[in-house]
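Worksheet for the structure shown next.
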2 protein chains.
Amino acid sequence: MTSIRPRPATITDIARQAGVSTATVSYVLNDAPAGARIPEETRARVRAIADELGYVPHANARSLRTGSRDLVLYVHFDVVHGPLATGFLYEFTRALRDLGYTLMQYGAERHRGVKAARSWAALRPAAVIAGDDRLTPAGVALLLKAGIRVFGMGSDPAAAKGTGLSTLVMDHRAIGLAAGRDLLERGYRDLAVVVPVDPPLRVMGEGRLEGVREAAAEVGASVRVHEMAYSPGSAAGIVAAWGEEGLPEGVFGYDDEFAGLLLGALLDAGVDVPGRVGLMGADDVMLCRMLRPTLSSVRVESESPEEIARRVVESITEGTEVHLSPWSPVPVRRQT
Amino acid sequence: MTSIRPRPATITDIARQAGVSTATVSYVLNDAPAGARIPEETRARVRAIADELGYVPHANARSLRTGSRDLVLYVHFDVVHGPLATGFLYEFTRALRDLGYTLMQYGAERHRGVKAARSWAALRPAAVIAGDDRLTPAGVALLLKAGIRVFGMGSDPAAAKGTGLSTLVMDHRAIGLAAGRDLLERGYRDLAVVVPVDPPLRVMGEGRLEGVREAAAEVGASVRVHEMAYSPGSAAGIVAAWGEEGLPEGVFGYDDEFAGLLLGALLDAGVDVPGRVGLMGADDVMLCRMLRPTLSSVRVESESPEEIARRVVESITEGTEVHLSPWSPVPVRRQT
DNA sequence: AGGCGTTGGTTATGCGATTAAGCTAGGTTA
DNA sequence: TAACCTAGCTTAATCGCATAACCAACGCCT
């Protein structure tokens, strides 16, 4: 238990011990073609020493020398991810890795705009994927100027077109549309939609609302809107309001969790679900299958993460702007 | 829309444009004390050019030169995190940042043991925090040899003591103990405990089971054990088995999600919960408050993330082994 | 004997930054 | 007038690694 802090071994250490130059060590350890002219005997000796010292190449030093960038930075929303997003992220990480890139997640950034952009740019990633709540035009410009591709999650692809900002978004309007149509098919004409108050979620909620409105317009149904916080109390408040103004026939609860809270509040109020009120969530997480009565949902299926990774990498290598929206909504009816 | 891939500006670029040496630029941009001898006029010129070029220092180059390491690597379990873990991670990230460290999350590592350790070590982090399912003694040894502190999540602190491996664990035995005692206080003497089959979860499940057994032994109650997958079908299977062998009085469902699935299956089978069977989860996530009937739970409260960050940093700077178990269980009874 | 090819390496350079140690021109002091 | 400051820089080394270019020694051929 020596108290001297160990320093990682370097090729210089290996070279010294093996009695060769650092160049030779580098050639051997990288199986470099030029190193074909190093006899097996020397190679073995170098490798043995590297092994003994526990040598691991210094990724930063290497990429500084070669100028290569293989880091993709994923900056978390300031919102706790659902299992859907987390699962996608895992597979996406794997897919990127197979293409030679390393995806790192960076959470809870305190800054936004130029300040945040500077802290990301310091890491010299090949690309940054961040929520649009973290991005400002000036921040995006800074990153692009440094040759870093930027993907906005939640940014409007139409608005981004031509600015250099790429997008990787979920089409919330389409989700709302699918949910709305499903409720309308069940015969409901008096709909209610919940929109989260929490800022990062609100934007998505408004997109989903827009989709429901579009569906309702097709058949001339009405849509009420309620703001809701992610808490049982807020759900109870909305149900209480419905007590005053009359219950809606069909409710789209933004996602499964908000819908789940509404379900609890409805049951507490003695409302028959789905007999009196049909309730629909979105994301189709395991949660839906726990609730009794069950919850209908809109499952969001994503294109293969491999395909998305491929297109992101293409954008990096070509330096081009791409707009990806790899999720498509599939209604899952569990209520009759 | 030039198609030339832009390269980030360097201090050399700035120096050239400002007509000074790179040393001067470095002094100016770092407000170095030795740079006190650079007149405001020159400083302003350098800063203006840096700004115009969108200069951002190259973190890797800097840390290569200074030898400093400020990266803390958090390697995800191969399991989707619950909101509890995610929320903790956010605050922990912030706290570490305030202490000058950057926490990066790295997910879906395909390797384990030495192979994984090598890929982490290449990044020259100050510390690695990883699930014990990713760590082997050889891998830990490699990291320690490179001066990288290693924190095992889930590793047994008693076994780790003296090996150099630090631990950051949840005391699952204590959670089981709290759950068991709560159920026993309600008068139940015939208990059932669910253990997840999924390998990373199984270990935690067994720890929780041990705690329940300890509580049961105190009063001479019986404990049945059931393996369960995270699926409605598996839950239904267990409830069906109870149909054969008789219902238990109290059930500890490992966590809220497994307990939620069990609740659904019990209701489907027409079992009165909590009248006939008392059910308890753990983690006290929002889910508990959606379910009807409600679920009792064991909330796991963590010490302030700031305090944990402080102790992790202390371990890094001192090079010492620490054992942290900053979560304590608090039963939350929602069933009567 | 001189030229050539091959083997088995070495030397030198640079990636972007930091930083200790100089160096020069002008002014001040003895 | 020589010695000494001081301001305002610059030079050069270095971190760990990759890689193009070079070179010494040897054997072989002509």
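When reading the values below, keep in mind they use all heavy atoms of this one structure, side chains included, and skip hydrogens, waters and symmetry mates. This one's a predicted model, so the numbers in the text were calculated from it and none came from an experiment. Each chain gets a letter, A, B and so on, in the order its sequence line appears, and its residues count up from 1.
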- Distance test, side-chain N/O of B:N30 to OP1/OP2 of C:dT18, below 4.0 Å: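 For C:dT18, OP1/OP2 do have a side-chain N/O of B:N30 under 4.0 Å.
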- Message: According to ring-ring contact (aromatic ring centres under 6.0 Å, His included), who are the partners of B:Y74, at least two apart in sequence or on a separate chain?
- Response: B:H76
- Message: Going by the rule ring-ring contact (aromatic ring centres under 6.0 Å, His included), which residues pair with B:F88 if we only count those two or more places apart in sequence or in a different chain?
- Response: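 Per chain and number, B:F88 pairs via ring-ring contact (aromatic ring centres under 6.0 Å, His included) with B:F92, B:W327.
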- Message: Are there over 12 heavy-atom neighbours, none belonging to A:E40, within less than 6.0 Å of that residue's CD?
- Response: yes
- Do any pairs count as a salt bridge (charged side-chain N to carboxylate O under 4.0 Å, His left out) and have a residue in residues 87-104 of chain B, sequence neighbours left out, and if so which ones? A:D78-B:R94, A:E109-B:R97, A:R110-B:D98
- Query: Got a sec, which pairs hit salt bridge (charged side-chain N to carboxylate O under 4.0 Å, His left out) with one end in residues 9-29 of chain A, sequence neighbours left out?
  - Reply: A:D13-A:R16
- Nucleic acid contacts of residues 14-24 of chain B, taken as heavy-atom distances under 4.0 Å to DNA chain C: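 Going residue by residue through residues 14-24 of chain B, the ones with a heavy atom under 4.0 Å of DNA chain C turn out to be B:A23.
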- Message: Using a distance-only criterion (donor-acceptor N/O pair, under 3.5 Å, no hydrogens), is the base of D:dA7 paired with the side chain of B:R37?
- Response: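 Answer yes: a donor N or O sits under 3.5 Å from an acceptor.
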Nearest to the side chain of [X], heavy atoms from C-beta on, is which of [options]?
{"X": "B:R62", "options": "C:dA17, D:dC9, D:dG16", "answer": "C:dA17"}
{"X": "B:Y27", "options": "C:dC15, C:dA17, D:dT10", "answer": "D:dT10"}
{"X": "B:S26", "options": "C:dT7, C:dT18, D:dC17", "answer": "C:dT18"}

- Starting at CG of B:D13 and ending at P of C:dG16, how long is that distance when rounded to a whole Å? 8 Å
- Task: Output, in order, the C-alpha distance, side-chain angles, deciding distance and verdict of side chain to side chain donor-acceptor pair (under 3.5 Å) for A:S21 and A:T24.
- Result: CA-CA 5 Å; A:S21 72; A:T24 302; 3.2 Å; yes
- Note on the structure: Rounded to 10°, the helix from C:dA1-D:dT30 to C:dA30-D:dT1 deviates from straight, judged by its five-pair end axes, by 90°
